[in-house]
Every structure is written in structure tokens, then in C-alpha cells.
2 protein chains.
Amino acid sequence: MSDLIVRLRARGWRITPQRQAIALVLDGENLHLSAEGVVERARRILPGISMATVYNTLNELVAMGEVLEVSTGSGARLFDPNATHAHHHLVCSACGEIHDVQADLGGRAPDMLDRHDFLVTGYSVVFNGLCQNCQARRAAER
Amino acid sequence: MSDLIVRLRARGWRITPQRQAIALVLDGENLHLSAEGVVERARRILPGISMATVYNTLNELVAMGEVLEVSTGSGARLFDPNATHAHHHLVCSACGEIHDVQADLGGRAPDMLDRHDFLVTGYSVVFNGLCQNCQARRAAER
DNA sequence: TTTACTGCAAACCGTTTGCAGTTCC
DNA sequence: GGAACTGCAAACGGTTTGCAGTAAA
């Protein structure tokens with residue numbers, strides 16, 4: 001059984017087949033799925049599951065911090081189940097692929113904010129550029 | 001006349017009243033407006049201006065790098081005309097207000113990416129937390 | 001048995017688009 | 001004069017919601 005299900009049960013959630021399917025879909029590394037992607041995969045496990053249920057569940061998971069929301073600016077939200085290990089994102093401008101990257105600003109982040117009376121509770125970095133594949137493809141094209 | 005209009009003319013744009021109104025709206029520091037916010041303000045200058053024109057223009061400005069897109073994750077895109085000075089954003093979790101902050105990761109950003117074959121062309125940092133006002137309000141509430 | 005949860009479908013919101021008319025150069 | 005631009009309104013894609021039915025505890 002997935003860790004997520006255990007934690008959801010601990011929080012008093014009813015463990016329905018739908019939630020088990022969603023938890024199963026969200027079990028993995030380097031996962032950045034759109035809501036539609038989650039529905040699609042969840043339907044392989046539980047064909048009848050509805051969009052509404054998936055959206056409801058994802059929103060609740062985000063609200064309780066079990067899942068992160070990644071907004072890449074282009075179109076739909078992406079959901080990132082890797083909420084336990086702080087990390088940032090590499091977004092390929094060519095193919096849209098997203099990779100996780102270790103979080104480490106080496107304590108410099110707070111320095112940036114010295115002159116702002118702003119209480120920082122967290123931060124996220126989005127790196128834009130070209131992934132390995134797209135670099136290779138560009139090199140081959142010219 | 002705004003600098004932006006000068007640059008747009010230099011790029012061969014036709015300078016219409018609509019574009020002048022939008023340029024006027026986008027003239028300012030620390031501005032983070034939704035498309036609707038731009039329409040609203042532009043209509044004070046040119047009452048008949050349409051959503052479509054504003055969206056078209058904003059998208060073109062973003063595409064040519066004259067305006068930045070800030071995605072806060074919650075709802076609509078925000079447009080940031082401060083494209084000439086690299087900066088990042090402080091987003092208040094309580095009131096949603098956004099402030100610009102000087103960009104300076106002190107050359108550490110590339111270090112984070114050593115083990116990823118990823119060609120970084122840019123990055124942006126979003127700091128989450130509480131702005132001065134919301135800190136004060138919370139302190140007063142308890 | 002209770003009440004949280006699900007599925008359907010319609011509504012919603014921000015955004016884009018096709019097209020006919022207008023206007024800047 | 002002609003291409004670029006505008007405005008309208010309809011369409012669009014992603015997401016939310018109301019409600020009646022279902023099932024977990």
C-alpha cells in the first residue's frame with residue numbers, strides 16, 4: 001500500500017477505490033502530471049473514475065501539502081507528488097518536459113530579501129532552458 | 001511619450017490609440033496586472049478598447065520580451081512590464097500582493113545544475129511568505 | 001446508519017479565434 | 001490603397017459546482 005494512502009487514512013480520509021487509484025498514479029519519482037494525465041492513468045486502474053473526483057482529490061492533496069502545484073505558465077497546472085523533498089524545476093522550453101533538481105541556494109536566498117520586510121516561508125525556482133534531448137536535436141538540425 | 005511606444009515604433013508596430021493606452025497602463029514600477037486589470041485601466045484612457053485587443057497586444061509584448069508573464073499559480077496570469085531589470089518576485093500568501101526583488105543568486109544557480117545536462121537560459125524565483133502589512137495584521141489579531 | 005464521497009452535467013472563468021469593418025502608414 | 005489592426009461574439013480548454021445517488025466506516 002502506498003505511503004500516501006497510509007497518511008491519508010491517518011488524516012481521517014475514507015479510503016475509496018478512487019483515492020487508492022489516484023494515490024497509485026501519484027506514486028513515483030520525477031512525476032509532473034496534468035489533471036488530465038492523472039485521470040488518464042487512474043482510468044487504467046479504475047476505468048469509471050470521473051474528472052470531478054480527480055480534481056477534488058488533487059485540490060485537497062495540494063491544500064494539505066501532500067502534492068505540489070507546478071505552474072509552468074503555459075496552459076494547465078501540473079501536479080508534483082514529490083512534496084517531501086524540497087526541490088526545484090528545470091523546464092525545457094522546447095518540449096515542455098520538467099525535471100526535478102536538488103534545492104540548494106546555500107543560504108543566499110534570505111540575503112536577497114534583507115531590505116524587504118517580507119517573511120519568507122518558502123521559495124521555488126524555475127529554470128528555463130533546453131533539456132539534453134532538445135539540445136541534441138537542435139545540434140542535429142543545423 | 002512612453003519608452004515602450006518608442007521601442008514598438010522602432011520594431012515597426014503601427015501606433016494605434018489602443019496600443020498607446022496599453023503602453024500608458026504598463027508604464028510604472030512594481031506593476032503586476034492581470035489582463036482584466038490592464039483592460040480596466042486602459043478603458044479609463046480609451047473607453048471602447050476591447051478585451052481581444054488587449055490580449056493580442058499583451059501576448060505580442062510577452063513574445064517579444066517587452067513584458068514578462070508571472071504565473072502565481074492561482075488563477076489568471078499577471079503581466080509585469082519591468083522586463084529590462086532582472087528581478088524576482090515576493091508573493092504574499094495572505095493578500096496575494098506581489099513585490100519585485102533584486103535578482104542575485106551570486107552565480108550559485110549554475111552550480112545547482114552541474115549534474116543535469118540542461119542548458120539554462122534563464123530562471124525565476126518566487127518567494128512565498130507574508131508581506132509587511134499581513135504580518136502586522138496577524139500580529140494584531142492574536 | 002450515517003455522512004463522506006462519487007459521478008454527471010451544466011456552469012464557470014480566463015483566454016483565443018474567425019471574420020467583417022476600420023485605420024494607420 | 002493596402003496591409004495591419006480592432007471589436008464583436010462565439011468558441012475554447014481547463015476547472016469548479018450543485019445535486020442526487022452510492023458506499024465507506
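Residue numbering restarts at 1 for every chain, and letters A, B, ... go by the order of the sequence lines. We use all heavy atoms of the structure for the numbers below, so side chains are in, but hydrogens, waters and symmetry mates are not.
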Asker: Give the rounded distance in Å between these two atoms: CG of A:Leu61 and P of C:dC5.
Answerer: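 Roughly 12 Å, once rounded to whole Å.
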Asker: Taking NZ, NE, NH1 and NH2 as the nitrogens, is one of them in A:Arg11 or A:Glu60 under 4.0 Å from a carboxylate oxygen of the other?
Answerer: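 No salt bridge links A:Arg11 with A:Glu60.
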Asker: Please find the pair of heavy atoms, one from B:Pro81 and one from B:Gly28, that lie closest to each other, and give the distance.
Answerer: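 Distance-wise, the nearest heavy atoms are CG-O, 4.4 Å.
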Asker: May I have the list of side-chain donor-acceptor pairs in residues 43-56 of chain B shorter than 3.5 Å, sequence neighbours left out?
Answerer:
from    : atom 1 : to      : atom 2 : distance (Å)
B:Arg43 : NH1    : B:Ile49 : O      : 2.2
B:Arg44 : NH2    : B:Glu40 : OE2    : 3.3
B:Ser50 : OG     : B:Thr53 : N      : 3.2
B:Ser50 : OG     : B:Thr53 : OG1    : 3.2
B:Asn56 : ND2    : B:Ala52 : O      : 3.3

Asker: Rounded off to whole Å, could you give me the CG-to-C1' distance for the A:Leu8 and C:dC5 pair?
Answerer: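 The distance from CG of A:Leu8 to C1' of C:dC5 comes to 14 Å, rounded to the nearest Å.
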Asker: Output all residues satisfying side-chain hydrogen bond (donor to acceptor under 3.5 Å, both in side chains) with B:Arg77, sequence neighbours left out; order by chain, then residue number.
Answerer: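 side-chain hydrogen bond (donor to acceptor under 3.5 Å, both in side chains) list for B:Arg77, sorted by chain: B:Asn59, B:Glu69.
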Asker: Considering residues at least two apart in sequence or located in another chain, which fulfil the ring-ring contact (aromatic ring centres under 6.0 Å, His included) criterion with B:His89?
Answerer: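 Scan of B:His89 (ring-ring contact (aromatic ring centres under 6.0 Å, His included), adjacent residues dropped) gives B:His32, B:His87.
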Asker: Using five pairs at either end of the helix from C:dT1-D:dA25 to C:dC25-D:dG1, determine the angle between the two local helix axes and round it to 10 degrees.
Answerer: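 End axes: 30° apart.
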Asker: Generate the contact string for nucleotides 7-20 of chain D. Rules: B means base contact, S means sugar-phosphate contact only, - means no protein heavy atom under 4.0 Å.
Answerer: BB-----SBBB---
Asker: Does the C:dA4 base have a donor-acceptor partner in the side chain of A:Arg14 within less than 3.5 Å?
Answerer: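 Indeed there is one.
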Asker: Could you list all the ring-ring contact (aromatic ring centres under 6.0 Å, His included) pairs where at least one residue sits in residues 62-82 of chain A, not counting sequence neighbours?
Answerer: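 Every candidate ring-ring contact (aromatic ring centres under 6.0 Å, His included) pair involving residues 62-82 of chain A fails, so no pair, neighbours aside, qualifies.
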Asker: Check whether any side-chain N or O of A:Gln135 sits under 3.5 Å from a backbone N or O of A:Leu130 as a donor-acceptor pair, and report yes or no.
Answerer: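 Answer holds: yes.
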Asker: Tell me if the aromatic rings of A:Tyr123 and B:His88 count as close, with their centers under 6.0 Å from one another.
Answerer: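 Between A:Tyr123 and B:His88, the centre distance exceeds or equals 6.0 Å.
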Asker: So A:Leu33 and A:Leu78, do their side chains get closer than 4.5 Å, heavy atoms only?
Answerer: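 When only atoms from C-beta onward are counted, A:Leu33 and A:Leu78 do not touch, as no gap falls below 4.5 Å.
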Asker: To the nearest Å, give me how far apart CD (B:Glu60) and P (D:dC5) are.
Answerer: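 So the two atoms are 7 Å apart, to the nearest Å.
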Asker: Which whole-number value in Å describes the distance from A:Ile5 CD1 to D:dA24 C1'?
Answerer: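 Roughly 13 Å, once rounded to whole Å.
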Asker: Between B:Leu58 (CG) and C:dG14 (C1'), how many Å, whole number?
Answerer: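 Between C1' of C:dG14 and CG of B:Leu58: 13 Å.
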Asker: Starting from P on D:dA25, measure out to CD1 on A:Ile15 and report it in whole angstrom.
Answerer: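 That distance rounds to 7 Å.
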Asker: Check whether any side-chain N or O of B:Thr16 sits under 4.0 Å from OP1 or OP2 of D:dA4, and answer yes or no.
Answerer: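 No, because none of the side-chain N or O atoms of B:Thr16 sits under 4.0 Å from OP1 or OP2 of D:dA4.
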